[in-house]
Amino acid sequence: MVIQFRDADNQVHVRKSFFSSLRLLLLRVAGRVLNDDPRAFGLARPSMSILNRIQLEQADAIGKQTPLMMLASCLNAVVWMSVSFGQSWSGLALAWGATAIALSVVIAAQTMNEGRGGFAEAAGSQIKKIAVYAIGYGFLWGLFPILFLGCAGANERLIVVCLSSGMMFVGATAFSAVPAAMNAFLTPIVIGTLIALAEAQTKALGPLATLIAFYAVVISAANAIDSAMRARRCAALLEVESNVLKDELTKLPNRKFFREEMAQALARLDRAGESFAVMCFDLDGFKKVNDAMGHAAGDQVLIEASRRLSRCTRSGDVLARFGGDEFALIATDISSDAQAKAVAERIVRVFKEPFVIEGVRRKVTISVGVALAPSDGVDGFALLRNADSALYAAKNSGRCDYAMFREQFALVAERATLEIEFEQALKQGDVDLVFQPSANLTTLRTTGFRATLRWRHPTRGLLPSAQIVPMLERGGLADMAGAILFEKAVAAATRWPEGLRLSLPVSHLQLRGTGFARSVEKILNAWNFDPRRLEVELTQAKLIVESLEAMRQLRLLRGMGVSATLMDLDAGYGSVVNLVELPLTRFCIDKRLVQELGTGSLFSSVARISCELARALQLEITAEGVEREDQLDAIRRLGGKEARGPIFGAPAMENELTDLMRVPRLAPRMEAAPAA
């Protein structure tokens, strides 16, 4: 074949290519044997995970058996040194025996140490190291018959053959899990023994040499077959295990596998601070394809979607299919929003290319929700929930886009943190009460005070009541805060003049508690406070009327003498019938209506009609949030008897109420009006 090339340079080139290919082939075969690659023993090409697991099992078996083999080697060396004592070769025997014992101790110690550290981290490298140990140790015992068989006497020769044969069988058994290591150990000993027997030139040892060679071949073949069967068995078990953790259609990991990997990622985060991102995916337009073209077409979309997602991920990432058109990803080594956005943008961009399904181009895009660990959660459930919330935010914003949980739900997260801090402040008593006066519109005398909680946040400053009340209801803190409010307010009101009334807001959640009225009664009795001086202010009348327990608690309070005011007559509570059912004594015009009084607007008409309804129900009328004198005049014309708001001064602390006990802070002209 060489001569068909006319150019000599071409001939050299061909020869170089041939020898280079031959060299690569030999290295590849040698590499497989050295690594104990199952393909070297007739197995089909296994996946890397299965190959690693098989090598792990092999290395673990060697690690358990090697110390026993080293112990046998040390005993054999001691036996030979004792036999050689006083012989001409005793010095050589002592040197060889000491070397064998030292090497045995080193190999046993290192093998046991690696076993404690675990072979799982680098099973392939452990197999290589075991093969190197086997070659070195086999060479040492291969020298043994060469060094001593020729110079020994008849009795000592038998001992040499026995010791060599014993180590050959012991080593073959210990290294049986890894045929490459077994052959690396066995071959030097067999060759050394055969060389020594040939040099001894004793006819009686000839049959023995034949038996040793025969048994070496049998042992090698048997262990190779056993190792191959073990590898196949391990591969089959791993394949079954892998299928349990794999989605049947897309061949991606399933939800169970994803959760296990999430646990590993969280462990790395806790141990080494390795942050990561969790992404949830949902296909836009998948349902239309599935409905219009059938489930077979839908399956093609899912398979193609899994391929596109796989192309956008890295080797260390974990991509899984949860079911339907839902996918999830653990993107490792993501420490910033910018890195997570780059991954999400790449995925969204790849899905903008139409799908070709049964020859038809279909637009199937993807929406992505992103949560980062640890900033958006430190457990698997929270991270998946937050990524899923971000996903729905992306879909609601127009689809074919991504959303970061922190950007979409920063307010939610901030609110949750604030609620936790407020609960802690309640438990520690770090809340204050403020009191707002109510005044009689005829005498302009103070009739009572409305008490509310006030919380001064360490960094946000004073939080208004409008921000505190929703936190009470969302965080389930209404009962705790209500108990604190009642206890502190009643204690303060006992120091007021007898004629002043105490008004306290009560939510429908508090009234639904079976022991609410009883707890109020206990507080009143403890402070010897007249129930007729206490007034509860109600909101969300519809929710109160619909609750049998709330109505029962309210009637118990009225039976004790506690009066009730409805604060939101204009808020939808269903019908006038519901209003009639409530045991009320007073109705309060909402500050939103007060602002429109006298303007001729629709709200002004609503305020007038509401007052007419209240008078028909024989309820006293109070106005909330009064700011100007003309509003006071308008309230008087509507039949109002009391008012409170900025015109009477801002809510005050208990130690600031002395000047408000008789006459609130009013404009000079208004104070002079009654006297005139």
Side-chain angles (χ1 to χ4, degrees), residues 435-452 464-466 469-470 501 503-508 535-546 554 563-651 664-667 669-670 673-674:
F435 300 86
Q436 187 174 32
S438 299
N440 183 286
L441 293 183
T442 301
T443 64
L444 293 181
R445 296 285 183 178
T446 299
T447 57
F449 294 91
R450 180 177 191 258
T452 54
S465 177
V469 172
R501 185 177 69 250
S503 299
L504 297 174
V506 174
S507 75
H508 68 94
E535 178 182 68
V536 292
E537 298 181 347
L538 311 175
T539 58
Q540 297 177 303
K542 183 176 184 296
L543 296 177
I544 296 175
V545 172
E546 289 177 349
L554 193 55
S563 58
T565 297
L566 184 64
M567 299 297 292
D568 57 352
L569 190 61
D570 62 309
Y573 43 78
S575 67
V576 177
V577 176
N578 291 336
L579 181 62
V580 173
E581 291 182 3
L582 288 171
L584 301 173
T585 55
R586 189 182 306 276
F587 148 66
C588 186
I589 306 175
D590 188 84
K591 62 182 179 181
R592 293 170 295 176
L593 299 180
V594 170
Q595 302 303 315
E596 299 293 330
L597 289 176
T599 62
S601 65
L602 178 61
F603 285 100
S604 180
S605 300
V606 171
R608 179 177 53 79
I609 295 172
S610 299
C611 289
E612 291 176 357
L613 178 59
R615 286 198 301 271
L617 295 173
Q618 298 181 348
L619 302 178
E620 295 184 9
I621 300 173
T622 296
E624 177 84 8
V626 180
E627 297 179 353
R628 305 188 307 272
E629 298 174 13
D630 61 307
Q631 293 171 348
L632 285 177
D633 293 334
I635 294 166
R636 287 194 185 96
R637 289 193 296 270
L638 291 175
K641 300 298 184 181
E642 285 186 358
R644 62 173 172 243
I647 194 171
F648 301 116
R665 301 187 184 97
L666 298 175
R669 187 177 67 80
M670 293 299 295

request  = Could you go through the side-chain contact (heavy atoms from CB on, under 4.5 Å) check for Ser610 and Ile589 one step at a time?
outcome  = CA-CA 8 Å; Ser610 299; Ile589 306 175; over 6 Å; no
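- Atoms CG and OG1, from Leu441 and Thr622 in turn, are 8.0 Å apart once rounded to the nearest 0.5 Å.
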(request) Tell me, with the steps shown, if Ile621 and Leu638 meet side-chain contact (heavy atoms from CB on, under 4.5 Å). (result) CA-CA 9 Å; Ile621 300 173; Leu638 291 175; 5.9 Å; no
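- Between Leu554 and Ala564, the shortest heavy-atom contact is CD1-CB, 4.4 Å.
- Pro505 approaches Ala451 most closely through the heavy-atom pair CD-O, 3.3 Å.
- Across Arg450, Gln436, Glu535, a single residue satisfies side-chain hydrogen bond (donor to acceptor under 3.5 Å, both in side chains) together with Ser503, and that is Glu535.
- Distance check, rounded to the nearest 0.5 Å: CZ of Phe435 to CZ of Arg644 gives 13.0 Å.
- Atom CG of residue Leu613 and atom CG of residue Leu619 lie 8.0 Å apart, to the nearest 0.5 angstrom.
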Start with the C-alpha gap between Glu629 and Ile647, add the side-chain angles, then the distance that decides, and say whether side-chain contact (heavy atoms from CB on, under 4.5 Å) holds. CA-CA 8 Å; Glu629 298 174 13; Ile647 194 171; 4.2 Å; yes
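- Atom CD of Glu624 and atom CG of Leu593 lie 11.5 Å apart (nearest 0.5 Å).
- In this structure, CG in Leu632 is found 5.0 Å from CZ in Phe648, a value given to the nearest 0.5 Å.
- Interatomic distance, Arg501 CZ to Thr447 OG1, rounded to the nearest 0.5 Å: 4.5 Å.
- A pairwise comparison of heavy atoms in Ala643 and Val626 identifies CB-CG2, 3.8 Å as the closest pair.
- Residues Leu538 and Leu584 have side chains in contact (heavy-atom distance under 4.5 Å, counting atoms from C-beta outward).
- The two residues Pro646 and Gly625 have their closest heavy-atom pair at CD-C, 4.0 Å.
- Side-chain contact check for Ser438 and Glu642: no donor-acceptor pair (N or O, by modelled atom type) lies under 3.5 Å.
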- Message: With side-chain contact (heavy atoms from CB on, under 4.5 Å) as the criterion, how do Arg586 and Glu537 come out once you've worked through the C-alpha distance, each side chain's angles and the decisive distance to 0.1 Å?
- Response: CA-CA 9 Å; Arg586 189 182 306 276; Glu537 298 181 347; over 6 Å; no
